[in-house]
Asks: 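Input: one structure, supplied below.
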Amino acid sequence: MIDKRVRSLADAVAGIPDGATILCAGFGGAGLPDALCEAVIEQGARDLTIVANNAGTGRTGLAALLATGRVKRIICSFPRSSGSVVFEELYAAGRIELELVPQGIISERMRCAAAGLGGFYSPVSVGTRLAEGKEHREIDGRMYVLEKPLKGDVALLAADRGDRWGNLSYRKSARNFNPTMAMAASLSIAQVRHFVELGEIDPETVITPGIFVDRLVEVPA
Amino acid sequence: MIDKRVRSLADAVAGIPDGATILCAGFGGAGLPDALCEAVIEQGARDLTIVANNAGTGRTGLAALLATGRVKRIICSFPRSSGSVVFEELYAAGRIELELVPQGIISERMRCAAAGLGGFYSPVSVGTRLAEGKEHREIDGRMYVLEKPLKGDVALLAADRGDRWGNLSYRKSARNFNPTMAMAASLSIAQVRHFVELGEIDPETVITPGIFVDRLVEVPA
Amino acid sequence: MPLKRRQIAWRAAQDLVDGAYVNLGIGLPTLVADVLPADREIVLHSENGVLGVGPAPGDNEVDWDLVNAGKQPVTLLTGGSYVHHTDSFLMIRGGHLDLALLGAFEVSQKGDLANWTTDDPNFPPGVGGAMDLAVGAKEIRVLVEHTTRAGAPRIRRQCGYPLTAAGVVRRIYTDLAVIDVTSAGLVVRELVDDIDFRTLQAKTEAPLHAAPDLRPLRAPAL
Amino acid sequence: MPLKRRQIAWRAAQDLVDGAYVNLGIGLPTLVADVLPADREIVLHSENGVLGVGPAPGDNEVDWDLVNAGKQPVTLLTGGSYVHHTDSFLMIRGGHLDLALLGAFEVSQKGDLANWTTDDPNFPPGVGGAMDLAVGAKEIRVLVEHTTRAGAPRIRRQCGYPLTAAGVVRRIYTDLAVIDVTSAGLVVRELVDDIDFRTLQAKTEAPLHAAPDLRPLRAPAL
């Protein structure tokens with residue numbers, strides 16, 4: 001019998017090793033696994049690399065994890081959101097490395113890893129500073145840069161509903177990076193607002209099939 | 001006002017030019033746009049390239065289109081299904097070119113075109129005859145071949161429900177190649193079992209957003 | 001009178017055709033969602049996976065699971081749908097959007113766009129979806145205030161800030177003018193009433209050409 | 001007695017662990033769906049976008065929108081779901097499946113797999129999802145009749161037919177034996193009762209080694 005549900009946030013994040021690359025879903029506050037981020041603080045892993053769209057806001061969730069000083073590097077597209085005070089302090093103090101990647105390319109690089117591919121040619125960033133050092137190639141008259149897969153050791157996800165097989169559904173734009181990150185990590189962990197019985201999520205409307213999810217924990221909104 | 005619905009199969013396939021590359025969805029009989037295939041016979045385009053998983057069965061639908069002799073080339077993964085009699089006759093007679101592509105690579109190459117990428121590195125077919133002539137590259141200790149995007153001039157799709165914006169939903173495994181082909185063609189045409197009012201397909205469960213669909217015609221099952 | 005921000009958005013919205021798929025970038029372009037022409041169906045795309053963005057919600061309708069690229073609450077039109085980020089950027093990069101309306105720090109006379117970093121060492125850069133949009137949408141138009149608060153021109157011979165993409169911008173909507181980027185240079189199509197062409201040129205680093213049918217740029221009070 | 005096809009499937013099914021994600025190829029492997037151990041939850045994947053394939057439907061339950069890789073009608077387990085082809089092959093190629101059970105024309109002593117073409121000029125080749133599966137699943141096992149109808153061995157020193165993938169097969173289930181592909185060669189783990197090892201070797205081109213704990217291969221009548 002398959003049952004990926006765990007009872008506590010501590011169980012959900014158990015075993016994350018030092019040095020892990022953690023994919024952290026969410027766009028602003030929507031679909032953000034804030035409870036899981038805070039559970040990682042308790043869990044204690046350090047020397048972390050975080051992959052996320054933003055760099056946390058306020059002093060909770062991802063920002064709280066950054067504030068511990070245990071994140072050495074963040075790969076994101078837009079750390080400049082209003083309220084990213086913790087990141088800005090760390091950045092100004094030179095206490096965190098930033099790898100800036102265009103938003104669609106972060107997502108596509110994670111999908112590339114998830115799909116077992118070795119890389120892809122992208123037209124994005126050609127002619128800009130972000131293409132410096134990347135391999136260039138002209139294909140059918142257009143210039144592309146080679147982008148490499150981006151795989152996570154862990155993905156932290158936030159979904160609306162989840163069942164014991166790990167099937168997930170989301171609400172509205174809270175879907176965002178969650179489905180791709182779920183596919184792109186060795187250990188995918190979801191906080192869900194509601195545990196539901198197997199079969200309650202219509203098979204046509206499962207957005208993340210359980211095959212991509214390893215653990216889920218209920219965190220009511 | 002957006003209204004992509006057309007009244008007849010003839011209107012649906014109007015304007016397909018000679019020499020077009022047509023992506024034809026379906027896996028076996030599920031999700032197969034048989035009425036659209038037959039409408040292309042009436043429409044008259046010739047020197048066609050068909051991209052499909054299979055090569056038609058029996059004497060109707062895709063097989064009927066092949067039987068006209070107006071398909072010069074087929075790109076597919078599995079033309080060997082039982083009942084692919086028309087294709088087998090044409091193939092034995094040397095009257096149709098076959099490009100055999102692994103099933104997942106057909107799909108990924110179409111997605112690559114849909115996503116505006118220049119190509120991708122795939123581990124599939126390495127060390128086999130199907131990799132001959134392809135550019136090889138070792139990445140992080142694994143060998144890959146370079147695969148190129150595969151774009152359609154036209155996609156022929158079969159869906160369950162569709163609305164005037166072109167939003168589509170499917171039933172069960174009839175989904176198959178439809179969503180990817182919808183994204184990968186310049187002109188995407190769907191036969192749908194049921195026209196529904198805008199909003200009847202739950203926004204969470206639209207599988208093919210209308211942005212990818214140009215025309216739809218109602219063909220009851 | 002220079003246009004207010006909402007009026008710049010209104011002017012850009014007037015050029016959207018019925019049935020167009022249009023991405024709205026953060027900042028000024030986001031305002032376009034609230035001032036669309038009532039006689040057309042325009043499908044707004046937001047990079048975070050919303051197709052069919054509606055106007056801002058009323059105070060009682062705010063749902064923090066439904067936000068736009070600027071993380072502000074929005075609504076969904078009937079017929080709209082949600083996709084995940086990878087599919088949303090497939091739409092962007094794959095040429096499925098007719099138009100992207102973007103903000104900018106600077107635009108050059110050749111249509112180069114700079115909108116992701118000012119290189120301020122105290123301020124982290126943020127590229128977001130700007131580079132994906134700049135190379136992916138079928139057409140790029142920019143909404144921007146004509147000068148910085150300090151009065152420096154944003155429409156320049158060459159961008160001083162690092163590029164987002166080269167040669168992609170086709171039209172610029174500012175608080176003072178509507179300007180097309182053409183192979184013959186920058187052509188002013190519309191100009192606000194109380195500024196003359198020479199004054200406009202003085203606020204613009206790149207050379208401007210007046211369109212033969214130069215028209216007044218006017219917007220309702222909103 | 002050699003096993004019947006359904007019994008080969010049954011034997012392969014006994015090795016599936018609770019919670020495993022398993023792809024079933026066309027032909028013999030497809031039969032596995034109907035003979036799964038009742039005490040385990042095993043999630044069967046079908047390349048055409050079905051995760052959680054159930055047993056064959058009753059005559060009144062056939063739905064031609066729900067088929068397996070062999071285009072035969074199937075059912076869906078509670079908890080199952082549908083994806084499109086590109087996502088289905090992402091699952092396959094990205095290493096998300098624990099195991100793929102595939103059919104074969106031939107398997108070599110090094111685990112090379114040949115299952116897509118016999119090079120018969122009168123008969124078009126068909127690769128389907130075989131190459132994607134062969135390189136993508138975490139483990140590959142083959143279900144095959146030990147010899148062709150003409151009696152030619154299918155387990156060979158080297159494959160005579162064009163390869164699907166090199167060195168990927170880890171275990172072979174036949175109507176006569178269960179054989180592991182190891183770095184020390186082919187090791188027979190189980191052998192049907194009424195055939196001795198020497199007879200098995202005679203029906204096999206590649207050299208075989210008997211496992212120290214060689215056991216009888218038995219299956220219920222089914």
Asks: Please look at D:I92 and chain B and tell me whether the side chain, the backbone, both or neither of the residue comes under 4.5 angstrom of a heavy atom of that chain.
Replies: neither
Asks: With a 4.5 angstrom heavy-atom cut-off, could you sort out which part of D:L133 is near chain B: side chain, backbone, both or neither?
Replies: neither
Asks: Using only atom types and a distance under 3.5 Å, with no angle test, would you say the side chain of B:S173 pairs donor to acceptor with the backbone of D:V67?
Replies: yes
Asks: Work out which heavy atom in D:N68 is nearest to a heavy atom in B:F27; give both atom names and the distance.
Replies: O-CE2, 3.5 Å
Asks: May I ask you to check whether over 12 heavy atoms, not counting those of D:K110, lie within 6.0 Å of atom NZ?
Replies: no
Asks: Please look at D:D63 and chain B and tell me whether the side chain, the backbone, both or neither of the residue comes under 4.5 angstrom of a heavy atom of that chain.
Replies: side chain
Asks: Using only atom types and a distance under 3.5 Å, with no angle test, would you say the side chain of B:R175 pairs donor to acceptor with the backbone of D:Y82?
Replies: yes
Asks: Heavy-atom cut-off 4.5 Å, strictly under: side chain, backbone, both or neither for D:D119 against chain B?
Replies: side chain
Asks: Quick one: what part of B:D160 sits under 4.5 Å from any heavy atom of chain D, side chain, backbone, both or neither?
Replies: neither
Asks: Given heavy-atom pairs under 4.5 angstrom as the criterion, report whether the side chain, backbone, both or neither of B:F87 touches chain D.
Replies: side chain
Asks: Any idea which of D:V127, D:D65, D:V135 has the most non-hydrogen atom pairs under 4.5 angstrom with chain B?
Replies: D:D65
Asks: Do other residues, nucleotides or ligands put more than 12 heavy atoms under 6.0 Å from B:R73 CZ?
Replies: yes
Asks: Would you check if D:L90 and B:E108 make a side-chain contact, meaning some heavy-atom pair closer than 4.5 Å?
Replies: no
Asks: What heavy-atom pair brings B:Q103 and D:G129 nearest, and what distance separates the two atoms?
Replies: NE2-N, 3.3 Å
Asks: Of all the heavy-atom pairs spanning D:H84 and B:N176, show the shortest one and how long it is.
Replies: CB-O, 3.4 Å
Asks: Report the relative orientation of the aromatic rings in B:F177 and D:H85; use parallel for angles under 30°, tilted for 30 to 60°, perpendicular for over 60°.
Replies: parallel
Asks: How about B:E138: does its CD atom have over 12 heavy atoms from other parts shown lying under 6.0 Å from it?
Replies: yes
Asks: Does atom NZ (D:K203) have a neighbourhood of more than 12 heavy atoms from anything else shown, all under 6.0 Å?
Replies: no
Asks: Please report the interatomic distance CD1(B:I106) to OG1(D:T86), rounded to the nearest 0.5 Å.
Replies: 10.5 Å
Asks: Find the one option among B:G29, B:P123, B:A55, B:A92 whose heavy-atom pairs under 4.5 Å with chain D are most numerous.
Replies: B:P123
Asks: Measure the spacing between CG of D:D87 and OG1 of B:T180 and express it to the nearest 0.5 Å.
Replies: 7.5 Å
Asks: How many angstroms lie between CD in D:E47 and CZ in B:F78, if you round to the nearest 0.5 Å?
Replies: 8.5 Å
Asks: Give the minimum heavy-atom separation between B:G104 and D:R93, together with the two atoms involved.
Replies: O-NH1, 3.7 Å
Asks: Check whether more than 12 heavy atoms from other residues, nucleotides or ligands sit under 6.0 Å from atom NZ of D:K138, and answer yes or no.
Replies: yes
Asks: Which heavy-atom pair separates B:R80 from D:P124 by the least distance, and what is that distance?
Replies: CD-O, 3.3 Å
Asks: Please look at B:R111 and chain D and tell me whether the side chain, the backbone, both or neither of the residue comes under 4.5 angstrom of a heavy atom of that chain.
Replies: side chain
Asks: B:L98 and D:P125: which non-hydrogen atoms are nearest, and at how many Å?
Replies: CD2-CD, 3.9 Å
Asks: Look up atom CG in B:L130 and atom CG in D:L163, then write down how far apart they are to the nearest 0.5 Å.
Replies: 11.0 Å
Asks: Tell me, side chain or backbone of B:N178 under 4.5 Å from chain D's heavy atoms, or both, or neither?
Replies: neither
Asks: Is the backbone N or O of D:T164 less than 3.5 Å from a side-chain atom of B:R129, with the two atoms forming a donor-acceptor pair by type?
Replies: no
Asks: Side chain from CB out, backbone as N, CA, C, O: work out which of these in B:I105 comes under 4.5 Å of a heavy atom of chain D, or both, or neither.
Replies: both
Asks: Check each atom of B:R142 against the heavy atoms of chain D and say whether the ones under 4.5 Å are side chain, backbone, both or neither.
Replies: side chain
Asks: Please classify the contact of D:A166 with chain B as side chain, backbone, both or neither, using a heavy-atom distance under 4.5 Å.
Replies: neither
Asks: Taking B:S107, B:S122, B:G28, B:S84 one by one, which has the highest count of heavy-atom pairs under 4.5 Å against chain D?
Replies: B:S107
Asks: Looking at OG of B:S125 and CH2 of D:W116, how far apart are the two atoms once the value is rounded to the nearest 0.5 Å?
Replies: 9.5 Å
Asks: More than 12 non-hydrogen atoms from neighbouring residues, nucleotides or ligands closer than 6.0 Å to CG on D:D39, yes or no?
Replies: yes
Asks: Would you say CD of D:Q158 has more than 12 non-hydrogen atoms from neighbouring residues, nucleotides or ligands within 6.0 angstrom?
Replies: no
